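Below: the structure, in structure tokens.
Numbered from 1 within each chain, the chains take letters A, B, ... in sequence-line order. Remember, it's a predicted structure, so these values are computed and weren't measured experimentally.
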2 protein chains.
Amino acid sequence: MDARALETLRTVGTQGGVTAAAAVLHLTPSAVSQQVALLQREVGVPLTERVGRGLRLTPAGEALAEAAVDVAVALERARAACDEFLERPQGVVRVSAFQSGAQLLLPALLTRMEAIEGITLECTDEDVAQDDFVALTDRMDVVVAHRPDDGLGWAGGRAVQVVPLLREPLDVAVPLDHPLAGRSEVRPDDLRDLPWIAVREGFPVATVLGAVAARSGSAPRIVHRVNDFHVVEALVEAGHGVSLLPRYTFGGGARVRLVPLAGVRAGRRIDALLRRDRAERLVVRRVLDELRALAGEIDTA
Amino acid sequence: MDARALETLRTVGTQGGVTAAAAVLHLTPSAVSQQVALLQREVGVPLTERVGRGLRLTPAGEALAEAAVDVAVALERARAACDEFLERPQGVVRVSAFQSGAQLLLPALLTRMEAIEGITLECTDEDVAQDDFVALTDRMDVVVAHRPDDGLGWAGGRAVQVVPLLREPLDVAVPLDHPLAGRSEVRPDDLRDLPWIAVREGFPVATVLGAVAARSGSAPRIVHRVNDFHVVEALVEAGHGVSLLPRYTFGGGARVRLVPLAGVRAGRRIDALLRRDRAERLVVRRVLDELRALAGEIDTA
DNA sequence: GCGTCCATGCAGGGACGCTACATCGTCACG
DNA sequence: CGTGACGATGTAGCGTCCCTGCATGGACGC
């Protein structure tokens with residue numbers, strides 16, 4: 001039983017298909033298919049079953065994939081055991097973050113890591129739907145993701161480790177000349193019938209606006225759906241609507257006014273997601289420590 | 001980092017050399033050497049160091065070998081996870097036992113396992129020095145070993161699992177016409193100046209006789225050193241000396257008389273030794289359960 | 001019903017790992 | 001102190017395994 005094949009099976013499970021898994025593993029779909037087939041012959045139990053034109057893991061496949069996590073963890077732990085004897089931990093760490101999180105955290109993170117010799121950071125900004133963050137952990141070492149404050153956690157079960165970084169309040173962004181711009185806070189009632197600019201359906205913190213509006217007793221009037229907060233900011237500035245924007249990331253600017261919400265809790269949680277096996281790498285731990293420290297400074301500021 | 005290479009390194013550690021490890025793994029010494037060398041390049045730390053004409057693991061090597069155990073365990077657990085979905089556990093289990101333990105346990109064990117379809121037992125009797133029992137676990141799934149009652153446990157650390165089976169008293173074996181033959185028990189003082197037949201130095205329970213004699217205040221007079229208990233029995237029967245023989249294994253015979261010792265605790269512990277990764281196999285667990293049940297019957301009888 | 005996408009089988013090629021052999025160093029024996 | 005044997009380690013050669021490329025079959029959507 002090969003650890004590589006186990007990893008392949010696991011990826012097929014998380015990525016939901018042979019082709020997607022092949023892309024992550026830098027292989028051809030054919031190779032992935034053959035590995036799984038070989039594994040199946042070895043254990044004598046069907047591991048995958050076709051569903052439509054894709055496929056999905058059988059219960060036995062799920063069980064094996066779960067066990068594969070422990071194998072990967074053990075292997076990484078072995079590597080780490082040797083690194084302890086190396087005077088200097090070394091390696092590259094791939095970090096991914098959603099756009100505004102990247103803007104908030106990555107510059108300072110890179111600065112901090114520059115002081116540490118030997119660790120190379122490869123940063124990427126990835127804006128994906130809420131449910132797709134966990135799948136990124138197959139390609140990345142650390143995935144900075146966000147979710148509604150009140151929402152439930154992340155899928156992925158035991159395979160992914162969730163490290164809470166910080167909670168960022170979402171404020172109401174209004175034009176500088178807006179009637180609410182002078183207020184020190186607004187209540188849900190103040191927001192009735194305002195034209196909202198929201199994020200696209202299924203994307204992070206999409207549900208927050210609905211929750212806020214529910215407190216005012218009516219559904220929000222959504223006039224635009226824009227994912228990029230800078231575009232949102234520009235639209236708000238030009239008077240095309242109001243929106244919810246994260247305080248730490250957009251509070252400093254002078255283009256729009258951020259007014260805190262009172263009477264309702266609106267915010268997003270920013271977490272670091274990473275696979276349990278990746279978490280065993282010393283360099284990854286190191287980056288994670290810095291990231292957590294950095295987030296702590298922002299949160300208490 | 002290959003799980004196979006890790007296993008190889010571990011074996012080099014336990015077997016204490018490339019050649020011995022190669023024999024266990026069914027490889028040539030060259031292949032083992034190359035695997036270790038490759039592993040070394042990968043981690044960038046020396047894993048082995050030459051000592052005389054052999055070699056030994058460096059601290060880093062030991063650490064990696066220890067981690068290799070967890071990898072092997074995780075892999076076996078993965079296999080077991082699939083076997084759960086198989087209706088019938090199946091496979092061969094290699095069992096090794098020292099001579100008298102084999103005589104005591106193996107026939108009944110085989111009878112019990114015959115009732116279970118699919119599990120094939122391969123039994124071997126291995127009489128090795130006390131310190132060499134653990135090394136057998138590399139070749140065997142289950143090793144039945146014995147040690148002095150009062151002695152310390154087994155070496156091998158976390159890598160080997162010890163399952164206590166039973167404690168067997170050691171009685172004084174005397175000829176049928178010996179002055180002590182009629183006694184219901186003997187005390188250490190009764191044993192002064194008797195001609196003893198002991199096992200060879202370094203072999204299991206060799207230390208027990210010394211402990212018993214120490215209670216009588218004098219060193220035992222050892223006239224012969226014989227490992228095979230049947231030979232010992234024949235020698236005792238012919239009046240060439242007395243000896244310590246295990247009660248359950250030799251108490252039933254009519255060739256010599258076994259007299260219990262009083263005033264001193266003399267016995268041997270019979271344990272099952274197995275590698276932690278092997279212990280994850282369902283069929284191995286099954287055999288172990290039967291073995292333990294069987295030993296329990298003997299112990300309470 | 002056709003095009004597209006996805007999983008899968010088959011043949012070819014490359015890379016990796018093992019065997020066999022030679023070398024060097026170390027320990028036992030005369 | 002030289003000689004023989006044992007053990008570890010490189011090198012060449014070969015076999016094997018695995019991956020790529022291509023073709024096939026099935027399923028969904030327009």
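Contact check on A/Arg10 versus A/Asp138 returns a salt bridge, with a Lys/Arg side-chain nitrogen under 4.0 Å from an Asp/Glu carboxylate oxygen.
Rounded to whole angstrom, the span from the CG atom of B/Leu55 across to the P atom of D/dA8 amounts to 6 Å. In this structure, B/Gln40 atom CD and D/dA8 atom C1' are separated by 13 Å, rounded to whole Å. One atom, CZ of B/Arg56, and another, P of D/dA8, lie 14 Å apart when rounded to the nearest Å. Rounded to a whole Å, the CD atom of B/Gln15 is 13 Å from the P atom of D/dG7. With rounding to whole Å, B/Leu25 atom CG is found 13 Å from D/dA8 atom P.
Ring planes of A/Phe98 and A/Phe133: perpendicular class, angle over 60° (limits at 30 and 60°).
When the nucleotides D/dC28, C/dC27, C/dT8 are ranked by their closest atom to the side chain of B/Arg53, C/dC27 comes out on top.
No donor-acceptor contact under 3.5 angstrom links the side chains of B/Thr14 and B/Arg275, judged on distance only. A/Thr8 and A/Gln35 share a side-chain donor-acceptor pair at under 3.5 Å.
With B/Ser96 contributing its side chain and B/Met140 its backbone, the two residues share no donor-acceptor pair below 3.5 Å. A distance-only check finds a donor-acceptor pair linking the side chain of A/Asp228 to the backbone of A/His230 [under 3.5 Å].
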N/O contacts under 3.5 Å, protein versus nucleotides 15-22 of chain C?
| from | atom 1 | to | atom 2 | distance (Å) |
| --- | --- | --- | --- | --- |
| C/dC18 | OP1 | B/Arg4 | NH2 | 2.6 |
| C/dC18 | OP1 | B/Gln35 | NE2 | 2.8 |
| C/dT19 | OP2 | B/Thr28 | N | 3.0 |
| C/dT19 | OP2 | B/Thr28 | OG1 | 2.8 |
| C/dT19 | O4 | B/Gln34 | NE2 | 3.3 |
| C/dA20 | N6 | B/Ser30 | OG | 2.9 |

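A residue-by-residue look at B/Ser33 and A/Arg50 shows that B/Ser33 has its nearest nucleotide of DNA chain D further toward the 5' end.
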